[in-house]
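Take a look at the structure below.
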Amino acid sequence: MTLRQAQDEPDDLVRAVEATLFAAEAPMTAEAISTHLGGADVREALAGLAAHYTGRGVQLVERGKRWHFQTAPDLAHLLRREREDVRRLSRAATEVLAIVAYHEPVSRAEVEAIRGVQTAKGTLDVLLEAGWVRVAGRREVPGRPVIYATTPEFLAHFGLASRKDLPGIDELRAAGLLDPVEDALEAALAEVGAANETEVGADSGAPLASEEESA
Amino acid sequence: MTLRQAQDEPDDLVRAVEATLFAAEAPMTAEAISTHLGGADVREALAGLAAHYTGRGVQLVERGKRWHFQTAPDLAHLLRREREDVRRLSRAATEVLAIVAYHEPVSRAEVEAIRGVQTAKGTLDVLLEAGWVRVAGRREVPGRPVIYATTPEFLAHFGLASRKDLPGIDELRAAGLLDPVEDALEAALAEVGAANETEVGADSGAPLASEEESA
Amino acid sequence: MTEVDSAPALFGEADDWDGIASAATDDTALYLELDGWEGPLDLLLDLARRQKVDLRKISILELVDQYIGYIERAEAMRLELAADYLVMAAWLAYLKSSLLLPREEQEDPSAEELALRLQLRLQRLGAMREAAARLLARDRLGRDVFVRGAPEGLRIDRKNLWQCDWFALVQAYGQVKARTVPVVHMVRDRMVMTLESALARVSAMLGVKLDWMEIQDFLPPHADSRLRRSALASSFVAALELARLGKAELAQEVVFGPLMLRQVRT
């Protein structure tokens with residue numbers, strides 16, 4: 001015990017950050033913690049705390065630049081409550097959420113272009129109300145459509161440190177699957193036009209005519 | 001790190017108890033925790049956790065046989081932060097303050113009689129909060145109304161050695177301050193006064209109309 | 001269907017996709033699900049996945065046949081189909097016939113281009129549906145991981161620092177005083193000659209003088225102008241009153257000429 005304390009006893013700043021985040025009712029940015037503690041630089045303390053809690057039943061995590069403590073994911077089966085706080089999302093809402101997250105900022109028309117159906121207004125409202133999607137301004141094109149993006153609450157809910165953590169986003173981007181159909185079409189046609197013999201990349205969305213070549 | 005882990009890595013039961021108490025909305029007895037975790041004996045885990053958190057910013061404490069996490073008592077001051085908002089006294093409050101200063105001790109009814117308008121309760125509260133007015137007892141008349149007087153802080157804030165330093169009625173008249181003023185002009189003067197407030201000395205802030213006289 | 005239950009069935013890996021396919025043996029079961037599709041593209045995507053190949057390698061011709069086949073059988077079973085399903089069926093029929101035409105007879109855009117576009121759209125929708133499933137399968141806050149149940153909370157106590165200065169204080173008092181001083185209208189004494197005094201003065205002077213006198217001569221000779229005007233008015237009224245009582249007579253030879261006055265002899 002005394003040995004451990006000597007090694008591991010946290011200093012005052014670490015203790016203060018730990019207490020602040022334990023007491024906080026919502027995730028806090030490093031800046032907010034610093035302001036709350038009178039301007040101290042808390043980054044090192046945060047890193048130290050995150051390391052300390054690694055492997056414990058409680059973890060310190062960063063989600064969209066905000067920090068909070070949460071229970072360890074592997075203990076989920078012990079902690080699930082009868083009354084689930086999690087919203088049940090319709091399939092439409094789930095798809096819209098994924099499209100917003102992977103494409104943000106994105107207009108409703110762009111969401112509809114990907115889904116091939118009109119999106120009921122209520123679907124976006126559910127996501128706005130959940131606090132996972134926000135209005136991120138307007139696109140400066142004719143009609144100035146409203147564009148949507150995800151929120152820090154979205155990242156916190158799905159356990160993402162940032163949008164870079166979205167599952168498979170790098171692969172999707174590399175495969176061009178986050179580009180508009182028009183761009184992909186143009187690229188694919190150009191490729192086919194340039195040389196049918198050239199080996200078609202796996203990411204090109206090869207047209208039917210060149211199925212064999214790309215295979 | 002690996003050394004610490006080897007020494008200090010909590011076992012699964014300890015982690016489960018830690019997470020359970022962290023997520024609990026109310027303190028839990030050892031029995032309740034045990035039931036929640038399928039009947040395991042949690043006493044050792046609780047003792048181990050309490051020892052682990054000793055000296056940290058968060059503590060595991062037992063109160064009346066119920067266990068809960070709380071922030072360390074010595075850090076309580078960190079959970080509260082004071083913010084000072086500089087606010088300008090409203091005109092109504094300024095009038096009430098002036099009446100209290102000139103007529104103290106004075107009841108609210110008397111203040112209203114002098115002002116000629118009803119005085120919202122909040123107005124006196126603001127002056128009490130500012131520390132410039134205090135309750136000075138009750139007047140021994142039917143109804144025993146509370147009477148108000150100014151405080152030493154009032155004198156200090158306004159740079160007065162005593163209430164006798166307040167200009168008398170004759171001086172106010174000489175300064176033109178007792179002349180009936182058109183509402184619009186009055187408002188304009190109040191505004192000018194507000195704009196100049198910081199620089200205005202005791203003798204220089206006469207209204208525009210009577211500058212010559214007061215100079 | 002909850003997102004949890006549906007995730008493995010609807011959003012499984014392309015290779016082991018079997019959620020809807022298993023129902024395909026029973027046509028009725030499939031058609032009854034038509035309401036459940038999020039439009040024709042959604043149905044097409046599920047049909048495409050049943051080819052059990054990479055979405056980049058699906059056979060559009062086969063897909064078209066499957067789609068049109070289902071739509072036809074649904075119509076045969078008199079299931080109401082939304083218009084957009086029928087529009088898609090018609091478009092796919094056109095696409096199929098174009099794809100079967102020799103390349104040189106095709107219009108612009110070519111059928112291959114249209115097919116490619118459809119394929120790209122299916123890929124994108126498929127990618128997003130998989131992404132949604134993977135998102136929902138993550139450790140979610142409030143379901144799998146939990147924040148502190150009873151946080152103490154961080155309090156920010158706001159304290160007002162009230163500001164007021166000496167001048168504002170004194171001025172406010174002055175204004176209260178000025179506003180609440182009782183308003184009394186005082187009319188200052190003016191030098192006037194009342195009707196009574198004019199009557200007395202005119203009758204007395206008429207008794208002394210026997211000849212015609214101009215009314216101006218009845219006025220106090222050294223009075224200031226305001227008193228003279230008051231005296232003139234009062235004296236004129238007094239003259240009229242004396243005339244009415246038969247004690248005086250009035251004469252004026254021209255309009256606005258001098259007004260003459262004398263005692264009536266009795």
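Note on naming: letters A, B, ... go to the chains in the order of the sequence lines (proteins, then strands), and numbering restarts at 1 for each one. Bear in mind the structure is a predicted one, so any value in this text is a computation, not a measurement.
Side-chain contact check for C:Val145 versus A:Pro73: some heavy-atom pair is nearer than 4.5 Å.
A side chain to side chain donor-acceptor pair (under 3.5 Å) check over residues 12-21 of chain A, counting only residues at least two apart or in different chains, returns the pairs A:Arg15-B:Asp74, A:Glu18-A:Tyr53, A:Glu18-B:Arg56.
Atom-to-atom distance recorded for C:Leu45:CG and A:Arg115:CZ is 12.0 Å, nearest 0.5 angstrom. Atom CD of A:Glu95 sits about 12.0 Å away from atom CG of C:Leu135, to the nearest 0.5 Å.
Partners of C:Glu152 under the side chain to side chain donor-acceptor pair (under 3.5 Å) rule, at least two apart in sequence or in another chain, are C:Arg148.
Counted within 6.0 Å of CZ on C:Arg229, heavy atoms from surrounding residues, nucleotides or ligands total 12 or fewer; the atom is thus considered open. Surrounding CD of A:Gln118 are at most 12 heavy atoms belonging to other residues, nucleotides or ligands under 6.0 Å away.
Most heavy-atom pairs under 4.5 Å with chain A, from the set C:Leu55, C:Leu41, C:Asp84, C:Asp139: that is C:Asp139. The choice from A:Leu178, A:Leu97, A:Leu166, A:Ile99 that makes the most heavy-atom pairs within less than 4.5 Å of chain C is A:Ile99. Note on A:Ala76, A:Gly116, A:Ala23: by heavy-atom pairs under 4.5 Å with chain C, the leading option is A:Ala23. With respect to chain C, the highest number of heavy-atom pairs below 4.5 Å among A:Val58, A:Ile169, A:Leu172, A:Leu160 belongs to A:Leu160. Counting heavy-atom pairs under 4.5 Å between each of A:Pro167, A:Ala92, A:Ala98 and chain C puts A:Pro167 at the top. For chain A, the option among C:Gly126, C:Gly153, C:Gly39 with the highest count of heavy-atom pairs below 4.5 Å is C:Gly153.
Contact of A:Asp183 with chain C is not made at all, since no heavy-atom distance falls under 4.5 Å. Using a 4.5 Å cut-off between heavy atoms, A:His77 makes no contact with chain C at all. Heavy-atom distances place the side chain of A:Glu182, and not its backbone, under 4.5 Å from chain C. For chain C, no part of A:Ala26 is nearby; none of its heavy atoms comes within less than 4.5 Å. Residue A:Ala19 does not touch chain C at all, counting heavy-atom pairs closer than 4.5 Å. Only the backbone of A:Phe69 comes within contact range of chain C, with at least one heavy atom under 4.5 Å from a heavy atom of that chain.
Shown here for A:Thr71 and C:Asp144, the closest heavy-atom pair between the two residues is OG1-O, 4.2 Å. Heavy atoms only, all atoms of each residue included: A:Ala184 and C:Arg124 are closest at CB-NH2, 3.1 Å. Minimum heavy-atom separation, C:Arg138 to A:Phe158: NE-O, 2.6 Å. The two residues C:Pro151 and A:Phe22 have their closest heavy-atom pair at CB-O, 3.9 Å.
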Exercise. Would C:Leu141 and A:Glu153 satisfy side chain to side chain contact (heavy atoms under 4.5 Å, CB included), going step by step from the backbone distance to the final call?
Worked result: CA-CA 10 Å; C:Leu141 208 57; A:Glu153 288 76 27; over 6 Å; no
For this session: Go through the steps to decide whether A:Met28 and C:Leu154 satisfy the test side chain to side chain contact (heavy atoms under 4.5 Å, CB included), and finish with yes or no.
Result: CA-CA 11 Å; A:Met28 294 176 83; C:Leu154 299 174; 3.5 Å; yes
Exercise. Step by step, would you call C:Phe146 with A:Leu75 a side chain to side chain contact (heavy atoms under 4.5 Å, CB included)?
Worked result: CA-CA 10 Å; C:Phe146 298 88; A:Leu75 300 173; over 6 Å; no
Exercise. Under the side chain to side chain contact (heavy atoms under 4.5 Å, CB included) criterion, do C:Met128 and A:Leu177 qualify, and how do the steps go?
Worked result: CA-CA 9 Å; C:Met128 281 303 104; A:Leu177 285 169; over 6 Å; no
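A salt bridge is absent between C:Glu38 and A:Arg91; no separation between the charged side-chain nitrogens and carboxylate oxygens falls under 4.0 Å.
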